[in-house]
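Working notes for the structure below.
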Amino acid sequence: MQGCIFCKIVNKEIPAEIVYENDNVLVFKDIKPSAPVHLLLIPKKHIPTLFDLEEADSGPLGDLHLAAAHVAREMGLEKGFRLVSNCNQDAGQLVFHIHYHLMAGRTLHWPPG
Ligand code: 5GP
Ligand code: ZN
């Protein structure tokens, strides 16, 4: 989608440190990490929020979870990681292309602020 920063990363129009990619999913480093490991996992399809998901998106979203486990294993994160998605303003969503934050490498407190 025009004007979407994450679509631009999918289309390689702007750079990102990509750590994993398949037909449906892209995983890259967050530009402003808030943990030693802070990745963003996105479906390649532009979907603004979790409220916009359709039945047909369940496959790619399943792939995204498989990618999370794959990348976490590859990075040796067996001690644990957090996978979290912010939806809309109260959760602090800033980029309106569905994404999951994968965070690890320090103790992650619960509940988040
Ligand atoms: P949100 O608040 O929408 O859940 O998170 C958006 C995330 O995207 C933030 O953690 C922010 O640092 C990251 N981000 C925003 N723009 C870019 C960018 O151009 N490149 C990368 N790699 N990350 C970005
Ligand atoms: Zn997009």
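Each ligand, and each atom within it, is numbered from 1 in the order the structure gives. Computed from a predicted structure; not experimentally measured.
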Output the list of atoms in ligand 1 that are nearer than 4.0 Å to some heavy atom of [X], sorted by atom number.
X   : result
I5  : 19 (O)
I9  : 20 (N)
H99 : 1 (P), 3 (O), 4 (O), 5 (O), 6 (C)
L40 : 8 (O), 13 (C), 23 (N)
F6  : 8 (O)
K32 : 12 (O)

Backbone, side chain, both or neither: what part of [X] comes under 4.0 angstrom of ligand 1, heavy atoms only?
X    : answer
L94  : both
F96  : neither
H101 : side chain

Contact check, side chains of [X] and [Y], non-hydrogen atoms, under 4.5 Å:
X    : Y   : value
W110 : R82 : yes
I42  : I9  : no
Q93  : N88 : yes
I98  : F6  : no
N24  : L64 : no
H101 : N86 : yes
M103 : D30 : no

- Considering just N/O/S atoms, say which atom of H46 is closest to the Zn ion (ligand 2). ND1
- Message: Considering both backbone and side-chain atoms of V95, is one of its nitrogen or oxygen atoms within less than 3.5 Å of a nitrogen or oxygen in ligand 1?
- Response: yes
- Message: Checking the N or O distance criterion of under 3.5 Å, is ligand 1 in contact with Q93?
- Response: no
- Query: Quick check, are the ring centers of H99 and H97 under 6.0 angstrom apart?
  - Reply: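 H99 vs H97: aromatic centres not under 6.0 Å.
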- Would you mind checking which non-hydrogen protein atom is closest to atom 22 (N) of ligand 1, with the distance to 0.1 Å?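 Of every protein heavy atom, K29 O, 2.9 Å lies nearest to atom 22 (N) of ligand 1.
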- Query: Got the closest protein heavy atom to atom 10 (O) of ligand 1, with its distance?
  - Reply: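 Looking only at protein heavy atoms, the one closest to atom 10 (O) of ligand 1 is D30 OD2, 2.5 Å.
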- For G92, is the nearest heavy atom under 4.0 Å from an atom of ligand 1? yes
- Query: Non-hydrogen atoms of E17 versus ligand 1: any pair closer than 4.0 Å?
  - Reply: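 Under 4.0 Å: no for E17.
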- At the Zn ion (ligand 2), what is the angle formed between atom ND1 of H97 and atom SG of C7, rounded to the nearest 10°? 110°
- Query: For atom CZ of R73, is the number of surrounding heavy atoms from other residues, nucleotides or ligands below 6.0 Å larger than 12?
  - Reply: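 Open.
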- Task: Assess whether atom CD of E78 is packed by more than 12 heavy atoms of other residues, nucleotides or ligands within 6.0 Å.
- Result: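 Yes, the 6.0 Å shell around CD holds more than 12 heavy atoms from other groups.
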- Query: Out of I98, I18, I31, whose heavy atom is nearest to atom 21 (C) of ligand 1?
  - Reply: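 When every heavy atom of I98, I18, I31 is considered, I31 comes closest to atom 21 (C) of ligand 1.
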- Could you pull out the closest heavy-atom pair between T49 and C87, with the gap in Å? CB-SG, 4.1 Å
